[in-house]
Amino acid sequence: MIDFKNLSKSFGGSYVFKDVNCRVNTGERVGVVGPNGAGKSTLFSIITGEMYPDCGEVVIPKDFRLGIMRQHIADTDRERSLLEFTADAIPELKSYSAELEQLEHKLDNASDDELDTLLKRHGFLQTTIEHLGVYHLEQEAKEALTSLGFPVERLNDPLSGFSGGWQMRAALARVLISHPDILLLDEPSNYLDIPAVEWLCRYLANFKGTLLLISHDRFLLRKLCSVTLELNNAKLTRFPGNYDFYRTEKEQRKISLEAAKRNSDHKKEQLERMIDRFKAKSTKAAAARSAQKKLDRMEDIELPDAMDYRGVIRFPEPPGCGVEAARFEHLHFGYPGGSKLFNDLSMEIAAGDKLAVIGYNGMGKTTLLKLLSGHLTPQEGRVVIGHRIIIGYQAQEFSDLLNDELSVYDAVRQCLPPAASLASVANVLGSFGFSGEAMNKPCGVLSGGEKIRLQMARIFINPPNLLILDEPTTHLDISARELLQEALRNYKGTVVMVSHDIEFVRNTATTIWAVSPDGVKKFFGNYDYYLEKSAGTASPAETIASAIAPLSGETAKDRRRARAQARNAIAGELRAARKKVEELEKLLDKQSERKAVLVAKLSSGEKVDFAKLNSELAALDKEIAKTEEEWENTSTELEALRIENDRINSENR
C-alpha cells in the first residue's frame with residue numbers, strides 16, 4: 001500500500017504536483033502516464049526517498065521492500081561479472097547471512113540464559129533468508145538474463161564489457177529477481193527489443209507485488225495495468241482501468257469538464273455584468289454586493305493540459321516506381337572479429353510493403369537497414385534497388401547528428417536537392433508542423449517529438465518512395481507515436497523499419513522479417529500473424545488454437561472435423577495438466593511438512609547438529625523452490641487450456 005497525503009513538489013516556483021491525495025492498494029498494477037516533464041520520475045524519486053517533497057508525505061508499510069531499476073551503475077559493480085552483479089539483487093542478504101553465521105558460532109558456547117534469545121533470532125534470520133529466495137537467485141538471474149537476450153557463454157564476462165544499453169538490461173534483470181513488495185519501473189522497455197519486451201510482459205504478469213509502471217509503451221500499459229494514474233497540470237488523477245479505459249474515460253471527463261467550464265464562465269460573465277450595472281446605483285448596492293460574494297465564491301475550473309500530440313506529420317505523395325522496391329541476392333556480411341551475421345541471404349521487398357524487421361539486439365537488424373540504404377557494403381552478394389526507387393533513411397542516432405546551432409529552416413535547407421526551389425523548404429516544413437516562428441527555432445531546443453518531425457522533413461525535402469526507419473519511436477511520447485503510425489499507414493510508398501514498440505509494429509507492419517541466429521525468415525502477414533506462426537514460442541493452447549483456425553478453401557465439414565479434433569486434443573491436455581498439478585500439490589505438502597519438522601528442531605532448544613540441519617534445510621528449500629516453479633508453470637498452462645477449451649465449446653454451441 002502507498003498513501004500520498006497532501007503531497008506537493010515544486011521547482012523554481014512551479015508545481016509539478018500540488019496537494020496530491022491518492023492511494024495505491026497492495027497488489028495493484030498501476031500505469032503512470034502524463035505529458036513529458038509532468039513529474040512522473042520525480043514522483044518515483046519521492047517514493048524511494050531520493051527526493052523530499054515540499055510538504056505532505058508518502059506512507060509505505062515499514063516491512064515492505066522497494067525495487068527500482070537504477071539508471072546509474074557504480075564503477076565497482078561494472079568490474080563484477082554479469083551474473084554476479086545480477087544475482088546480487090538483495091543487498092540485505094549479505095548482512096543477514098553474516099549475522100546468521102556469527103549466531104551459529106555463538107550457539108555452540110551459549111549459556112542457558114542466552115540460548116532462547118539466540119535461537120529466536122536464528123529462526124527469524126533463517127526464515128527471512130528463505131523468504132528472500134537466496135538459494136535460487138543465481139538460477140533466476142541466469143533465466144532472466146538469457147530471456148533478455150544475453151548469450152549464455154557471456155554470463156561470466158565483466159559487466160564493463162557490455163554497452164550502456166545492455167548494462168541497463170542487466171539492471172532490469174537484477175531488480176526483477178529481487179521480488180520486491182513494490183516494484184517501480186521507469187520506461188523499462190527503452191533498452192529492449194521486441195522479444196525482450198514480450199518476455200518482460202510475461203514475467204510481470206506473474207509478479208505478485210504492487211507494480212507502478214511509467215511507460216510510453218502502450219503494449220505494456222494495456223497488458224499489465226488495471227489502474228492508471230495521470231500526472232497532469234500538477235494533479236494526480238486515478239482511473240480504475242487500463243490504458244484503453246483511461247483514454248476513453250479521460251475523453252468523457254474532458255467533455256464534461258469543458259461543459260462545466262462553459263457554464264461557469266457564462267455565470268461569471270452574468271454576475272460581472274450585474275455588478276457593473278448595479279454598483280453605481282444606491283438602490284441596487286445590496287444586489288451588487290450579493291453578486292460580488294457569489295462571484296468570489298465561484299472556483300475557477302482548470303482544464304488539464306492536452307496530452308494529444310499537436311504536431312503534424314503528413315507525408316507527401318511518393319513518386320512512382322516499379323513493382324519491386326529492393327532485393328538481397330546471396331548476401332554475406334559480418335563485422336571484423338565477429339561471426340557472420342548474414343550468410344547467403346536472398347530476400348525481396350515488394351513496392352508498397354510495410355515491412356518490420358524484428359529480433360533480439362545483436363542479430364543484425366540495424367545492419368540490415370544499413371545494407372539496404374547503402375551505408376554498408378556486402379562482403380559477398382549484392383543489394384539491388386528497384387526501378388526509380390528513391391531512398392529516405394533515418395538512422396537511430398539521427399538526433400545526435402543535428403547541429404544544435406542551426407535553425408529548423410537551415411537544417412532542412414541543407415538537404416535541398418540542387419534543382420529544387422527554396423520555396424519547397426517552407427512547404428515541407430509546414431507539412432510537418434513547422435510554420436512561422438517555429439522555422440527559426442534552434443535545433444538544440446527541440447523536443448524529441450519535434451526532432452523526429454524535423455528529421456522527416458529533411459528526408460521528404462526530396463520525397464522518397466522507400467522509407468527506411470531505425471527506431472523512429474525512441475524520442476516520442478504515446479500520442480506522437482500514434483500520429484506517426486497513422487501517417488505511415490496512409491503512406492503509399494514502401495516502409496522498412498526496426499522498432500521495439502510492439503503496438504507501433506502491430507499497427508503499421510503488413511510483413512515481418514524475423515532475424516535470428518538461423519537467418520532471416522519472412523512472414524507474409526502482420527505482427528499477430530507472425531506470433532501465430534512462430535510455433536516455437538507458442539503455448540499449448542496457442543498451438544491448438546492455430547490448428548483450428550479456418551483456412552481459405554475449407555468447407556464447413558472440414559472446420560467441424562478440425563474443431564472436434566482440437567476438442568479431443570485439448571481434453572487430453574487438460575486431464576494431463578490437472579493430474580500433474582494435483583501430484584505437485586501433494587509433493588509440496590510433503591516437503592512443507594518436512595520443513596516444519598526441521599525448523600521445529602532448530603527452535604526446540606535441544607542440543608542438535610545445527611550445521612547438518614541447516615544444510616538439510618537449504619537442500620530442501622531448493623527442492624521446494626523447484627516444485628513451486630513447476631507447479632506455477634503447470635497451473636498457468638492449465639488455466640490457458642481451460643480458457644481455450646471454453647472458447648472451443650462456445651463455438652460448438
Side-chain angles (χ1 to χ4, degrees), residues 145-155 157 161-163 165-166 169 192-199 322-351 353-386 389 391 393-397 466-471 494-500 505 509-527 529-538:
L145 289 170
T146 53
S147 297
L148 286 171
F150 287 95
V152 175
E153 61 272 15
R154 294 202 63 189
L155 294 184
D157 287 4
F162 296 88
S163 67
W166 283 97
R169 287 192 185 211
L192 305 183
D193 42 47
I194 283 180
V197 172
E198 291 272 16
W199 174 83
V323 296
E324 183 182 75
R327 70 177 181 272
F328 298 100
E329 291 185 351
H330 305 292
L331 183 142
H332 294 253
F333 186 85
Y335 291 101
S339 59
K340 275 277 184 77
L341 287 172
F342 303 111
N343 286 293
D344 198 27
L345 175 65
S346 294
M347 304 284 275
E348 295 179 357
I349 303 170
D353 204 357
K354 305 291 193 303
L355 168 64
V357 184
I358 66 174
Y360 276 117
N361 287 348
M363 291 292 102
K365 303 188 300 295
T366 292
T367 300
L368 201 62
L369 298 195
K370 288 183 175 180
L371 287 164
L372 179 60
S373 65
H375 286 73
L376 287 176
T377 303
Q379 291 162 341
E380 296 180 47
R382 61 176 185 157
V383 179
V384 180
I385 302 302
I389 285 293
I391 292 176
Y393 174 58
Q394 178 219 289
Q396 269 192 55
E397 63 278 5
L466 173 54
L467 190 56
I468 303 173
L469 306 175
D470 196 354
E471 297 291 3
T494 308
V495 179
V496 180
M497 63 182 170
V498 170
S499 175
H500 66 256
V505 170
T510 56
T511 303
I512 303 292
W513 283 10
V515 185
S516 71
D518 298 327
V520 181
K521 185 175 180 180
K522 186 172 185 176
F523 293 83
F524 293 89
N526 63 10
Y527 183 74
Y529 175 85
Y530 152 75
L531 288 180
E532 290 173 10
K533 295 301 178 183
S534 301
T537 58

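Side chains are part of it too, since the values below use all heavy atoms of this structure and drop only hydrogens, waters and symmetry mates. If you're wondering where the values come from, they're calculated on a predicted model, not measured in any experiment.
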Less than 4.5 Å apart, any side-chain heavy atom of Ile512 and any of Tyr529? no
Counting distance only, does the side-chain N/O of Thr511 pair as donor-acceptor with the main-chain N or O of Leu355 below 3.5 Å? no
Check the angle between the aromatic planes of His375 and Tyr393 and answer parallel, tilted or perpendicular using the 30° and 60° thresholds. tilted
Using side-chain heavy atoms (C-beta onward) and a distance below 4.5 Å, is Asp193 in contact with Met363? no
Gap separating the CG atom of Leu192 from the OH atom of Tyr360, nearest 0.5 angstrom: 10.0 Å
Distance under 6.0 Å and angle within 45° of ring axis: Arg154 vs Phe162: yes
Check: Lys340 side chain, His332 main-chain N or O, donor-acceptor pair, under 3.5 Å: no
Whether Asp470 side chain and Thr366 backbone form a donor-acceptor pair below 3.5 Å: no
Verify whether the ring centers belonging to Phe342 and Phe328 lie closer than 6.0 Å. no
Can you confirm whether Arg382 sits close enough to Arg327 that some side-chain heavy atom of one is under 4.5 Å from a side-chain heavy atom of the other? yes
Minimal non-hydrogen separation, Ala326 against Leu372, with atom names: CB-CD1, 3.6 Å
Would you indicate whether the side-chain heavy atoms of Lys354 and Val495 approach each other to under 4.5 Å? yes
Minimum heavy-atom separation for Val496 to Leu466, with atom names? CG2-CD1, 4.0 Å
Inter-residue atom distance Ser147.OG - Arg169.CZ, 0.5 Å rounding: 11.5 Å
Thr494 and Ala350 have their tightest heavy-atom pair at CG2-O, 3.7 Å
Glu324 backbone acceptor or donor facing Glu348 side chain under 3.5 Å: no
Does the side chain of Asp344 pick up a donor-acceptor pair with the side chain of His330 at under 3.5 Å? yes
Could you give the distance from CD1 (Ile468) to CD1 (Ile391), rounded to the nearest 0.5 Å? 4.5 Å
Closest non-hydrogen contact found for Trp513 with Leu368 is CE3-CD2, 3.7 Å
Mind checking whether Phe333 and Tyr335 have parallel, tilted or perpendicular rings, split at 30° and 60°? perpendicular
Nearest heavy-atom approach of Asn526 to Ala509 is CB-O, 3.4 Å
Measure the CE-CD1 distance between Met497 and Ile358 for me, rounded to the nearest 0.5 Å. 10.5 Å
Say you draw a straight line from CG of Leu371 to CD of Gln379; how long is it, rounded to the nearest 0.5 Å? 9.0 Å
Spacing of Ser373 atom OG and Ile385 atom CD1 [to the nearest 0.5 Å]: 8.5 Å
Between Ala514 and Tyr530 the two heavy atoms that sit nearest each other are CB-CE1, 3.9 Å
